[in-house]
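For reference, the structure discussed in these notes is given below.
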Amino acid sequence: MDKNKYFTISDGLAVFGPEIIQILNKLDAIFVDMSKDFMADNMIFPALMRVEDLSSLDYFNNFPHLGLAVAGLTDEACGCLTSQKEKVTTIRQNNIKNSDYLLPSAACYNVYLHLRNEVVTQAKYYTTAARCFRNESEYKGLERLWSFQMREIICIGSMDEVQAFLSVYKDKVSSLAEQIGIIFDIEVATDPFYDKQGTKALMQKLQPVKEEFVFEGTVSAASLNFHRNFFGEKCNILNNTGAAVFSGCVAFGLERWLHALLKTYGHDLETIHGKLNNV
Ligand code: AMP
Ligand code: ZN
């Protein structure tokens, strides 16, 4: 249990009061503003993702450990529970129906699924936020939550367009950090996005696929991800020559930015507001 004047965290689940909500809202507004330079469409997607859709993105070959399945209770279980006298503390496995849905672990998957089978003739930009869930082995304060808020900005286009987009955001995030006084190291992440084997793996080693803005050596607060044409291929999103499009995303974890601000300014919220207001 992590409890202070402003928030409480227990089992990786955070409760925020009004002072922190103001900061989280300001951070999100800053990231949305950043997306306006590319006239990104802001989208809201459902809170649950279909297992079938995630499967089409090879999710279960790559990230099954992060998955959290959602399912209703069986009719028998409902019958028993309504008449049960003892307090219910666990829903047993055999009382749950098969699950066709998962909680999202990243915000951007929905965008590629949304564009399935489309022909994209010029670069498209989106932004979307999601309450994400990751089944991590342990949770730690604001740094590693079970449920957290992710804002992403996404580019779908040619390889050059996506790389230009990522390079613009690398600069934008760096200058934002400087403006608000957070010190990040930019690190190339070693885990390649999706494709672990095959011919693309070599390409990915030569060309970074993920860079992270890391606070105090361990906490990645934002990541720049180059997916090559992985999602274009999986979702059959094609350009006007019939080739699969490229994609990339910038992902911000709101609570980790909050963590970096609180650590940098020692819970002095007035100073934090001052910094955020000047962006
Ligand atoms: P990733 O897709 O792993 O690059 O995650 C994108 C962003 O989400 C990271 O840069 C973090 O800011 C945030 N994030 C990822 N996992 C967690 C977590 N367990 N708790 C809080 N924030 C997270
Ligand atoms: Zn993403």
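Counting convention: from 1, in listed order, for ligands and their atoms alike. Note: hydrogens, waters and symmetry copies are ignored here, and every other heavy atom, side chains too, is used.
Remark: ligand 1 and Arg134 share an N or O pair separated by less than 3.5 Å (distance only, no angle test). Between Arg144 and ligand 1, a contact under 3.5 Å exists for no N or O pair. In terms of N/O distances under 3.5 Å, ligand 1 is approached by Leu145. At a 3.5 angstrom cut-off on N or O pairs, Ser223 counts as close to ligand 1.
Using modelled atom types, one finds no donor on one side chain facing an acceptor on the other under 3.5 Å when comparing Ser175 with Glu178.
In summary, the aromatic rings of Phe213 and Trp257 are positioned with their centroids too far apart to meet the 6.0 Å limit. For an aromatic pair to be called close, the ring centres must be under 6.0 Å apart, and His227 with Phe246 fails this. Between Phe165 and Phe38, the distance from one ring center to the other falls under 6.0 angstrom.
The closest side-chain heavy-atom distance from Tyr101 to Arg50 is below 4.5 Å.
The Glu143 neighbourhood of ligand 1 comprises atoms 20 (N), 21 (C), with distances under 4.0 Å to a heavy atom of that residue. Near Ala251, with a cut-off below 4.0 Å to any heavy atom, the atoms of ligand 1 are 6 (C). Those atoms of ligand 1 that come under 4.0 Å of a heavy atom in Ala221, given as number and element, are 10 (O), 12 (O).
The closest non-hydrogen atom to atom 10 (O) of ligand 1, taken over Gly253, Ser220, Gly12, Ala189, comes from Ser220. For atom 16 (N) of ligand 1, the candidate residues are Phe252, Phe215, Phe148; the nearest heavy-atom contact is made by Phe148.
Rounded to 10°, the angle formed at the Zn ion (ligand 2) by Cys249 SG and Glu152 OE1 is 90°.
Contacts of Arg256 with ligand 1, taken as heavy-atom pairs under 4.0 Å, involve the side chain alone. Using a 4.0 Å cut-off between heavy atoms, Ala222 contacts ligand 1 through its backbone alone, with no side-chain atom that close.
In the hydrophobic clustering of this structure, Leu258 does not group with Phe133; members are Ile, Leu, Val, Met, Phe, Trp, Tyr whose side-chain heavy atoms approach within less than 4.5 Å, directly or through other members.
For the side-chain contact (heavy atoms from CB on, under 4.5 Å) criterion with Tyr126, the lone passing option out of Asn42, Asn110, Leu115 is Leu115.
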As a quick check of understanding, evaluate salt bridge (charged side-chain N to carboxylate O under 4.0 Å, His left out) for Lys170 and Glu211, giving each step before the final call. CA-CA 9 Å; Lys170 189 170 173 177; Glu211 288 184 283; 3.0 Å; yes
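With rounding to the nearest 0.5 angstrom, the CD1 atom of Ile180 is 7.0 Å from the OH atom of Tyr265.
Ligand 1 does not have Glu255 within reach: every non-hydrogen atom of the residue lies 4.0 Å or more from it.
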